[in-house]
Engineer: 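Let me begin by handing over the structure; questions about it come next.
Here is how names work: the chains are called A, B, and so on, in the same order as the sequence lines, proteins then strands, and each is numbered from 1. Given the structure is predicted, the values throughout are model-derived calculations rather than measurements.
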Number of protein chains: 2
Amino acid sequence: MAIKRTDSVTITRVAALAGVSTATAGRVLGGYGYSSEDIRDRVQEAARELGYRPNRLARGLITGRTQTIGVVAGDISSDFYATAMRGIADVARREGFGAILTNSDEKLDLEREAVQLLREKQVDGLIVSPCDRGESLHLREAVAAGCPVVQVDRVAAGLAADSVTVDNRSAARECVQKLLAAGHHRIAFIAELQSSHGHDLARFAADWAENRQPASPQELDPSWQRLLGYLEAHRDAGVPVDLGLVRRVGAYSVEAAKDHVLELLVRRQHNGVTALFTSDGVMSTGAMRAISALGLSIPGDLSLVCFDDLDWMGFVSGGITTVVQPVHRMGTMAAEFLLARIAGDTSDFRHVVLPAQLAERASIAPPADARGGATDSR
Amino acid sequence: MAIKRTDSVTITRVAALAGVSTATAGRVLGGYGYSSEDIRDRVQEAARELGYRPNRLARGLITGRTQTIGVVAGDISSDFYATAMRGIADVARREGFGAILTNSDEKLDLEREAVQLLREKQVDGLIVSPCDRGESLHLREAVAAGCPVVQVDRVAAGLAADSVTVDNRSAARECVQKLLAAGHHRIAFIAELQSSHGHDLARFAADWAENRQPASPQELDPSWQRLLGYLEAHRDAGVPVDLGLVRRVGAYSVEAAKDHVLELLVRRQHNGVTALFTSDGVMSTGAMRAISALGLSIPGDLSLVCFDDLDWMGFVSGGITTVVQPVHRMGTMAAEFLLARIAGDTSDFRHVVLPAQLAERASIAPPADARGGATDSR
DNA sequence: TTGTACGCGTTATCAA
DNA sequence: TTGATAACGCGTACAA
């Protein structure tokens, strides 16, 4: 077939029309090297007349730079990644870069495939939320091959790459402190806490209790970091932790989160849960569905503190107290770091840990038994 | 400087190691042409040893196809575009394509710039939500140059391109019918209805009333299509329309929408508004903020019907009735159409208008005056 | 079945 | 300051 896909106005045609060599035309149009004024005018006139547009593929082939970055998000349809991507795209556009988006669904093999594809497309760099905290061979290979990587939200241990994360531990600790201070002693924690990373919940808590903390909490998954904050707050307050109140949803699924919370709350006469702390936007949405399905009122029947600032948290039940992550900022910072590396920055790797803000609204109240004084049935 | 960016293991090196010509190596690794079994093994072994990865730039330069599509969304951080993009990315991945994402913020010049960049990057096709219903010269140029375009959510008049949209008019009409049937006569409509398209609200309504409808409603902006549905429902019910209840927010801004609704509801003793119909997710969120700020209850003080199914609509006030657009589906369909065109499909252009579903929940009740029976003050 | 040689559109390197 | 020419890495005639 071989469809002549377009009358392709190339630099050769422009050069011919202007009566100069392709080299000269290239210098003018590419903005490199010298050129006299009248030649410049002639070439530009010819280019305009023909409607010349540079072929960035050809340019990239020879310069070795495509002005394209690759992004591996978990799931672009989630608010978190969508907002981060917006930040990335904003910076990319500003600098004349394109951004190829892929989703990993938090699956390592999909991430690997995506990185593979992006590298074959010769992206100048990669922004990734790594699925795996460990090996990540594909990321190491990329770095080794001179393809800079910037990590967002999570970091792979020992990877020679910048990272932009949030201080999840402190944020979670502050949340749980608020609940404890309000008198709650039975605070459920709803989190992803995927088990694939080899963590056993009981052992993790036991290790922590004996001060055998992970060397660097930043190398834990965010939900595990938030668990750390949950544990710390309890310790600080002298309140024992009941690991039965820590629900491992195991995936970023609203429905799965809802089911967990439903099960938990239906039995709250028995387990004594008076407050919920949700570990991210997905868990928060699931929890809210369950709470609504049961017809519970906040904070009357249940106190609630969430993670991630979703639209509804401003107006549901007079406002839900939540942790506001600087998500857009994470995106812009990551992109800026990456573009700096691409531009040749070889300074030490930065591991920025941004603070999160607690948006205090109206979803915390003292537990019912502390208020009523006489209705405790346990 | 000229950093030798990587020891670039090219097909030449693989061929050399395997002791064959580059053409033979290419045939094996590219999966085209003939090759004997032992040669095949030798080449593959060499490729594995060297960690060969094809350079898709070079491939694209010669084949004229990059296996990359360009996407121009309005704003990826909005739920609508994020979900559509997810659909696009899913199909792209399945077919081995990459997708470059850009945002137009609904501004024509940004859209134009984006299309420009994407075409210079030699994308095989474009998925666009066109800002402009008219000219769209940049899109026509793309089509003329053999770069297929698929339109999502909106269509540019007379563009030789497929489109995937939603039947906004019918969906809106059904919503307003529900409200009218419940006894509401003063229904406010909150919508973007940007004026830049030359539409004057009063004249638009007058033209419509005299049956001078636009030739193809599908070529209107979605919010104008929804206005059409609003008008039709009123006419069908024999209820006069008060254009003062149609609020043109003019931009997809939550805060702007909130302000409009606030102003409207604060004066509801005077304007008699008993129900709200919001035209999209952004308007819905803004409206809900205003309603919450005023402490109004739904549907007690106010009935509400929304457009777009956001998470919170399931659990706020026992559920908000809303129009559910098949957004993910729009994304996958658009991508499938585009990939078909790229693969050579030359059949007639498809203009798919998907039906939207009304999710009936609990946000409609008869107006207060109809219930109370005696409190009408107007 | 394999190898040679050329071309894709651009930038880079020289010599003029 | 300009121009001829060689890359960049790969696909594809065509010849062997």
Engineer: What is the distance, rounded to the nearest whole Å, between atom CG of D38(A) and atom C1' of dT2(D)?
Structural biologist: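 For the pair D38(A) CG and dT2(D) C1', the rounded distance is 12 Å.
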
Engineer: Using a cut-off of less than 4.0 Å, is there contact between a side-chain N or O of T10(B) and OP1 or OP2 of dG9(D)?
Structural biologist: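 Checking dG9(D) against T10(B), no side-chain N or O comes under 4.0 Å of OP1 or OP2.
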
Engineer: Salt bridge or not between R112(B) and D132(B)? Use side-chain N to carboxylate O under 4.0 Å.
Structural biologist: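 No salt bridge links R112(B) with D132(B).
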
Engineer: Salt bridge check, R329(B) against E336(B): does any charged N sit closer than 4.0 Å to a carboxylate O?
Structural biologist: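 No.
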
Engineer: Does a side-chain N-to-carboxylate-O contact under 4.0 Å join R53(A) and E120(B)?
Structural biologist: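 The answer is no: the pair does not qualify as a salt bridge.
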
Engineer: Could you please name the option among dT2(C), dG9(D), dT10(C) that lies closest to any side-chain atom of L61(A)?
Structural biologist: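 The listed nucleotide nearest to L61(A)'s side chain is dG9(D).
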
Engineer: Take the protein atom CD of E37(A) and the nucleotide atom C1' of dT1(D), then report the distance between them rounded to whole Å.
Structural biologist: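 Rounded to the whole Å, the gap is 14 Å.
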
Engineer: Between T24(B) and dG3(C), is there a contact of a side-chain N or O with OP1 or OP2 at under 4.0 Å?
Structural biologist: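 Yes, because at least one side-chain N or O of T24(B) sits under 4.0 Å from OP1 or OP2 of dG3(C).
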
Engineer: Starting at CZ of R65(B) and ending at P of dC8(C), how long is that distance when rounded to a whole Å?
Structural biologist: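 So the CZ-P distance, R65(B) to dC8(C), works out to 19 Å.
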
Engineer: If the sugar-phosphate is the primed atoms plus P, OP1 and OP2 and the base is the rest, what is the B/S/- string for nucleotides 11-16 of chain D, using protein heavy atoms under 4.0 Å?
Structural biologist: BB----

Engineer: Between the opening five pairs and the closing five pairs of the helix from dT1(C)-dA16(D) to dA16(C)-dT1(D), how far apart are the helix axes, to 10°?
Structural biologist: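 Axis angle across the helix from dT1(C)-dA16(D) to dA16(C)-dT1(D), nearest 10°: 40°.
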
Engineer: Any salt bridge between E45(B) and R48(B), counting N to O under 4.0 Å?
Structural biologist: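 Result for this pair is yes, salt bridge flagged.
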
Engineer: Between R94(A) and D90(A), does any NZ, NE, NH1 or NH2 come within less than 4.0 Å of an OD or OE carboxylate oxygen?
Structural biologist: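 Salt bridge absent between D90(A) and R94(A).
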
Engineer: I want to check a possible cation-pi pair here: R27(B) against Y34(B), using under 6.0 Å from ring centre and within 45° of the ring axis as the test.
Structural biologist: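 Checked: cation-pi criterion not met.
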
Engineer: Please determine whether a side-chain nitrogen of the Lys or Arg among R13(A) and E49(A) lies less than 4.0 Å from a carboxylate oxygen of the Asp or Glu.
Structural biologist: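 Salt bridge flag = no for E49(A) with R13(A).
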
Engineer: Could you tell me the separation between the CZ atom of R56(A) and the C1' atom of dC8(C), rounded to a whole number of Å?
Structural biologist: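 Atom-to-atom, R56(A) to dC8(C), this comes out as 18 Å.
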
Engineer: Which part of the nucleic acid does I39(A) contact within heavy-atom distance under 4.0 Å: base, sugar-phosphate only, or nothing?
Structural biologist: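 Answer is sugar-phosphate: I39(A) comes under 4.0 Å of backbone atoms only.
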
Engineer: With the threshold set at 4.0 Å, does a side-chain nitrogen-carboxylate oxygen contact exist between E37(A) and R42(A)?
Structural biologist: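 A salt bridge is absent here (no side-chain N lies under 4.0 Å from a carboxylate O).
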
Engineer: Rounding to a whole Å, what distance do you find between N55(B):CG and dC8(C):C1'?
Structural biologist: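 So the two atoms are 13 Å apart, to the nearest Å.
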
Engineer: So does E135(B) pair up with R140(B), basic N to acidic O under 4.0 Å?
Structural biologist: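 Here E135(B) does not pair with R140(B) in a salt bridge, since their nearest N and O are not under 4.0 Å apart.
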
